[in-house]
Structure formats: structure tokens, C-alpha cells
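Computed over heavy atoms, backbone and side chain alike; hydrogens, waters and symmetry mates excluded.
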Amino acid sequence: MADAHLQIGAVFTPLLWAKFAVKQTGLYQKWLNGATIFDPTMGEGNLLAALIETGLDEGKKLCQLPTRCLFGNELNTQFYTQALCKFNQQYGLQMETNFTNHDFLTLPAHRFDLIFGNPPWQNFADLPQSYKQKVKPFFLRYHLAPNAHNLLLGNSRIDIAALIVQRAMQDFLQPNGEAVFFLPLSLLLNDGANRYFRTFSIDDGNYALETVYDFNDTPVFTGIHTRYCLCWFVRNKKTRYPIPYYIAQSGNFTKHLAQPLFHPSNPLSILEHREENFADSRPLITLKKESCPRQGINTGGANHVFFFDSCEPLGNGLVKVANKFQKQVTLPDTLVYPLITGANFSQPNMQPAKWVFLPYCQNGKPLTPQQLKDLPTAYNYLNLHKNLLQNRKGVLLNALLKRGYWWALLGVGAYNFYPYKIVWQAYGKTTFKPKLFIGSWQANQALQAYIPVQSEPDALSVLHQLTNKKIEQYLLSQKMQGTMNWAQPGKIKKLSLLI
């Protein structure tokens, strides 16, 4: 039975933009010609209402419109009831036989000519716990994760919108049918979790991504900060790249071309001209395997325990560190390292402004309990925060915590202690400007990414390779400038040959 209160990533479509979609993609005319249209997650029914309103705007009478060909489904009972009331009060239509109140993932399959939807936008990791367990098998069934373990790790950020699209294309669309969806742009432009969705494949074949309308900074959905688009798909057809990619600019859509580069499931790159093809130059970077691009240190939400704003030598192998939460802490100087900040990228003579406490050996393994006890200042400090550190969340952290290493961090290995790092700002930037850091500097979480290097000649070679302008051009083609996904290590790895 549908849950009357469950609201998962509900983003209702304004009527104005629903009407834009039905006109822009030809849905309206196909509906007039008798095609059945189904909205799998209809909310209050705005998408289906847009078809009727478009007809009324053209001067047609309600009786001239094929309203019997409109079908919808909604999980939330309150929204479902509101949809029924809307169609009754505004149009005098009784839609109980056309609208269903069910979880779309378990709704019996039925074929329609066209699908028009705006599915929920919410990552698997952020779903309510009870619902997460219920839908996990569907992510596997519809090939959005290779296995359950991967779904908890690298694919935990996949959006449930991808699952709705997969099931709709597989079980609810006629052969060669068309589907139009409002979707978060992360499905098309972000690395990582959504790569399985970008195969655009279902059990009995493929479906093509035909066209994308990128709303850019157009405020289609009030209060929604996620970037979004309108996608047009066709069943039983393979995507032929490059595809038309329209970007809203000053009230108009300008046409561009889009295609994935280097691998078919990579994020789309937005090209200005058909002849642009960075893939011809692959690889742009050659690296030793030990120098794989990395992300900075991640404390698992305990920055105030490990990051400090000042550091003063005390002698006898000790330093005094502090931040606004820890006013005065004494630690072994061998476990405190300078932490890179944004200012360090513009400083000619680099001076640290932050430091990080790493209870680790130089081989990248956490200190053992006995090694910690042999360093009483570190041991006593960590014990003050034991409960907090033991209660941190995350699959990778849990693996370390279960082994008794409750003082461990993420993103720490032998590579952290290499004498050279080529570091760049990976978050919120619009230019790619790597810089060589020599010594014990450490990169800061997702803000920075780096390539660790063992020798100076190798470091200078890597730095030179990273100045290739095609790297920045590739990053810019993915339209992630200014976001958290600007230049994360996975993007640079795609341009690299590991030897």
C-alpha cells in the first residue's frame, strides 16, 4: 500500500515549464493524435494538466482533447488525492480509473506510447532508512550498481531519479516509444555513481538520449539549488553522439553539442564545435601507478579534532597546537603536518596557516594501540575524543573502526608522506592551476586533489604535463566550473595513463 506521508525528493513542476516541455518535445501533438501518456511519479498532476492547458490555450474545448489518454501514478496518498481533486474541480474529469496510488517500483507493468515525468531527486544514501532497504534490490535489478556492496560505497550517491527512468523505459514504454523527463543534471554531468545510468541500456536493448535542455541558471524550480535539465529519450535506439545540447542563456536556448569523451559512460562534455575531440589526444598525462591522483585527507566529520589553526614548537619533540575548539593541545611534532589552504596557491613563499594531526606511520598505516601508548600526549588527546571518533559514520570508516582503529582517517596512505605533491584546487574553481608542494604538506579533503611523487625529476615532469591547456579545456567542457566537482581526482585520472 502507498505511504500517505512518504515524500522522497519531491520537486513539483511549475505549469509554465511543463507546457514548455510538451511543446518543445512534440508530446502535445502526439497526444492529440491519440498517443497515451503516462507520468510515473505525478505528484499533484501538473505535467498531465499541462497537456490539457496547452489545448485550451489553443482554443480547443475540453471535449476535443483526448483526456482519456492521460495516465498517472503517485506514491504519496495526499498528493494523489490532490491530483484527483484538481482534475475534477478544474476540468470536471473523473480520473480514478486513470490514476493509481502505488509505489512505481512495484506497480504492475503496463505499456504506454509516451512517458512524461519528473521523478524524485534524491541520492540513494539520503533515502529514509526503511525505504532504502526496500529499493536496494531495484537498483541492482535495473543495472544501476554492479552489486549491493558497491551500492553502499561508490554508487551510494546515485539518484533515485535514475531508477525511475530505468524502470519506466524497461516496463512502461512501448517499443520505439518516447520519454521526456525533468532530471538533475548530475545524472549526465557528474563523475562516479551515475556512470551505469549513462549506458542508457535496459534488459532488452538500448534507449537513446536524443536531446538535452540545460536550464542553466533559469529558476524553474523555486528553492532548488540542484542543477537540472529536460531530457528526451527514445526506446529501442542507440544514442548517436554528439547530441544536441541546449543551454538557457538570457531567456533563450543556445545550441551546443554533447558527447562523453574517452569512455561511453563518462560524463557528457559540452562542445562548441563538432570538430572538438579531446579524446584524440589521450593520454594527456603519463604517471607511475604509485602517483595515481588522490583526494585530500577526510576526517569523517571530526575536523575540530585533527585540524588546527596554530602550531608552536615546544622542544623535546613536542608542539603546541590550537583551534577555536581546542585551546591548547600538546602533540608529538612528528605527527603534525602543514595543511594546504587556498592562500597557499597564491603565496610565493609558502607559509602554513593550518596544520593536521595524523596518528599514522610513514608507511601510511594508522599507529597501533601500543605505538600510541608510547606517545602519551597523542594517546591522551585522542582518548578525550574517543566517543566522538568511534561514532563517526561511513562505510569505509566503519571498516577501520571495526578493526579497532577509531583514530583513523580517510585518504591517508603511504602516498601522503611522499616528498613531492602536485596539488590543485578541486572545488569551486574555474581554472586549473596545479602547484608543486615540497615536503610534508597535506591536501585538505575534497577542496584539493593531488598527485604524489617520489622524486624531483618525476615531480617536475608531472607538473609540466599538467600545464597542458587541453586538460583545462576538458574540465570546462563538463560545465562543472564553480562546483564541488570541478577537478576531482577521478576526472584527472581519466586523462592519465598509469604505468
Name the orientation class of the two ring planes belonging to Phe124 and Phe139 (parallel below 30°, tilted from 30 to 60°, perpendicular beyond 60°).
perpendicular
Distance-only polar pair, side chains of Tyr131 and Gln122, donor-acceptor under 3.5 Å
no
Without hydrogens or angle criteria, can the side chains of Gln24 and Tyr246 be said to hold a donor-acceptor pair below 3.5 Å?
no
Between Arg111 and Phe172, is NZ or CZ placed under 6.0 angstrom from the six-membered ring centre and within 45° of the ring axis?
no
Residue pair Thr36 / Asp113, side-chain donor-acceptor N/O under 3.5 Å:
yes
Let me confirm one number: the OG1-OH distance from Thr218 to Tyr213, rounded to the nearest 0.5 Å.
14.0 Å
Pair Arg240 + Glu210, salt bridge at N-O below 4.0 Å:
no
So how far is it from Leu114 CG to Phe71 CZ, rounded to the nearest 0.5 Å?
12.0 Å
Please report the interatomic distance CG(Leu497) to NZ(Lys289), rounded to the nearest 0.5 Å.
10.0 Å
Walk me through whether Thr100 and His102 qualify under side-chain hydrogen bond (donor to acceptor under 3.5 Å, both in side chains).
CA-CA 6 Å; Thr100 51; His102 206 286; over 6 Å; no
Does atom OH of Tyr427 have more than 12 heavy-atom neighbours from other groups under 6.0 Å away?
no
Flag if over 12 foreign heavy atoms under 6.0 Å of NZ, Lys288
no
Side chain to side chain donor-acceptor pair (under 3.5 Å), paired with Asp191, selected from Lys491, Gln478, Gln488, Lys493:
Lys491
Side-chain heavy-atom pair Ser265, Tyr196 within 4.5 angstrom cut-off:
no
For the atom pair CD (Glu96) and CG (Asn101), what is the distance rounded to the nearest 0.5 Å?
11.5 Å
No-hydrogen, no-angle side-chain donor-acceptor test under 3.5 Å, Glu178 and Tyr207
no
Let me see the working for Tyr450 and Gln442 under side-chain hydrogen bond (donor to acceptor under 3.5 Å, both in side chains), right down to the final yes or no.
CA-CA 9 Å; Tyr450 69 99; Gln442 301 297 326; 5.4 Å; no
Whether the Thr106 and Asp103 side chains hold a donor-acceptor pair (N or O, under 3.5 Å, no angle test) is what I'd like checked.
no
Looking at SG of Cys229 and CG of Leu183, how far apart are the two atoms once the value is rounded to the nearest 0.5 Å?
5.5 Å
Could you check whether atom NZ of Lys19 has more than 12 heavy atoms from other residues, nucleotides or ligands sitting under 6.0 Å from it?
yes
Does a side-chain N-to-carboxylate-O contact under 4.0 Å join Asp57 and Lys23?
no
Go through the steps for Arg227 and Thr483 under the test side-chain contact (heavy atoms from CB on, under 4.5 Å), then give the verdict.
CA-CA 10 Å; Arg227 300 167 69 201; Thr483 75; 4.2 Å; yes
Aromatic rings Phe215 and Phe182: how do their planes relate, parallel, tilted or perpendicular, breaks at 30° and 60°?
parallel
Is there a side-chain contact between Lys60 and Leu32, using heavy atoms and a 4.5 Å cut-off?
yes
Derivation and outcome, side-chain hydrogen bond (donor to acceptor under 3.5 Å, both in side chains), residues Asn46 and Thr13
CA-CA 6 Å; Asn46 277 6; Thr13 313; over 6 Å; no
Hey, are the side chains of Leu51 and Thr67 touching, using non-hydrogen atoms and a 4.5 Å cut-off?
no
Can you tell whether the side chains of Lys479 and Asp214 come within less than 4.0 Å, N to carboxylate O?
no
Students often mix this up, so state it plainly: with edges at 30° and 60°, are the rings of Phe138 and Tyr142 parallel, tilted or perpendicular?
parallel
Should the ring pair Phe38 and Phe112 be called parallel, tilted or perpendicular, given that the plane angle runs from 0 to 90° and is split at 30 and 60?
parallel
Among Phe79, Trp121, Trp17, exactly one meets ring pair (Phe, Tyr, Trp, His ring centres under 6.0 Å) together with Phe12. Which residue is that?
Phe79
Please work out which of the three classes, parallel, tilted or perpendicular, describes the rings of Tyr228 and Phe221, given edges at 30° and 60°.
perpendicular
